[in-house]
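Please read these numbers as outputs of a predicted model, since none were measured by experiment.
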Amino acid sequence: MSATRQTVDTLLSRIVAGEVPDRIAELYADRVDWQVNWPSTEHLDVPWIRPRSTRADVADHHRTLAAATVPGQAEATVTGILVDGPDAVVFGQVAQTVRRTGRRFTARFALHLTVADGRIVRHHVYEDSLAIEAACRS
């Protein structure tokens with residue numbers, strides 16, 4: 001198994017297990033190219049979506065996401081993983097309930113990761129941002 005695939009598998013297992021955010025973040029490099037497919041970063045209704053660039057930011061992302069959603073209601077399905085050298089793309093679907101609104105979202109996603117020296121240096125998510133934003137909207 002490649003080092004890239006091992007890192008991706010470890011990341012996914014830590015997220016699914018609900019490990020503490022700092023434990024998830026330790027898989028990332030000090031500096032991270034973090035991006036989501038939102039047209040802008042002005043989505044105040046989605047508190048976990050904002051610019052990130054460091055390992056500490058990754059941990060904050062997972063803390064903010066956990067605080068904004070209902071515990072025990074997360075669902076995630078990975079339908080495929082493609083690996084090509086340092087790059088991996090994870091395909092799947094997530095669902096969760098937003099704590100503030102009580103609304104549930106379901107979103108398909110593609111997650112593009114790049115691994116260098118055993119650490120994730122790129123984390124780009126392409127997801128159904130409209131479904132997520134609608135569930136978060138007051």
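T4 approaches A88 most closely through the heavy-atom pair CG2-CB, 4.0 Å. Scanning all heavy atoms of the two residues, the minimum distance from V32 to I120 falls at CG2-O, 4.2 Å. Contact detail for P47 and A68: the closest heavy-atom pair is CG-CB, 3.7 Å.
Side-chain atoms of D57 come within 3.5 Å of backbone atoms of T54 as a donor-acceptor pair (strictly under, hydrogens ignored). Judged by distance alone, with hydrogens and angles left aside, the side-chain atoms of R23 form no donor-acceptor pair with the main-chain N or O of R14 at under 3.5 Å. In this structure, R99 contributes its side chain and T69 its backbone to a donor-acceptor pair below 3.5 Å.
Cluster annotation: F91 is not connected to F105 through the hydrophobic network of ILVMFWY side chains, with a link wherever side-chain heavy atoms come within less than 4.5 Å.
Side-chain contact between L113 and H124: absent, with no pair of heavy atoms (C-beta onward) separated by less than 4.5 Å. Contact of the R31 side chain with the R55 side chain is not registered, since no non-hydrogen atoms from C-beta on lie closer than 4.5 Å. Considering only heavy atoms from C-beta on, Q73 comes within 4.5 Å of Q96 through its side chain. No side-chain heavy atom of V94 sits under 4.5 Å from any side-chain heavy atom of T106. Contact annotation: the side chain of D22 never approaches that of H62 to less than 4.5 Å [non-hydrogen atoms, C-beta and beyond]. The side-chain heavy atoms of V89 and L111, taken from C-beta on, include no pair separated by under 4.5 Å. In this structure the side chain of W48 reaches within 4.5 angstrom of the side chain of C136, judged on heavy atoms.
Applying the side-chain contact (heavy atoms from CB on, under 4.5 Å) criterion to R5, with sequence neighbours excluded, gives M1, S2, D9, I81, V83. Residues satisfying the side-chain contact (heavy atoms from CB on, under 4.5 Å) criterion with T114, sequence neighbours excluded, are P86, D87, H112, V121, R122. Partners of R137 according to the side-chain contact (heavy atoms from CB on, under 4.5 Å) rule, which considers only residues two or more places apart in sequence or in another chain, are D45, R103, E133, A134.
One distance of note links CZ of F109 with OH of Y126; it measures 13.5 Å at 0.5 Å rounding. Residue E127 holds its CD atom at 12.0 Å from CD of Q93, rounded to the nearest 0.5 Å. Taking OH from Y28 and OG1 from T7, the interatomic distance works out to 10.5 Å, rounded to the nearest 0.5 Å.
Checked against the 6.0 Å centroid threshold, H61 and W34 count as a close aromatic pair.
There is a side-chain donor-acceptor pair under 3.5 Å between R104 and T97.
Here D60 pairs with R52 in a salt bridge; the nearest charged N to carboxylate O distance falls below 4.0 Å.
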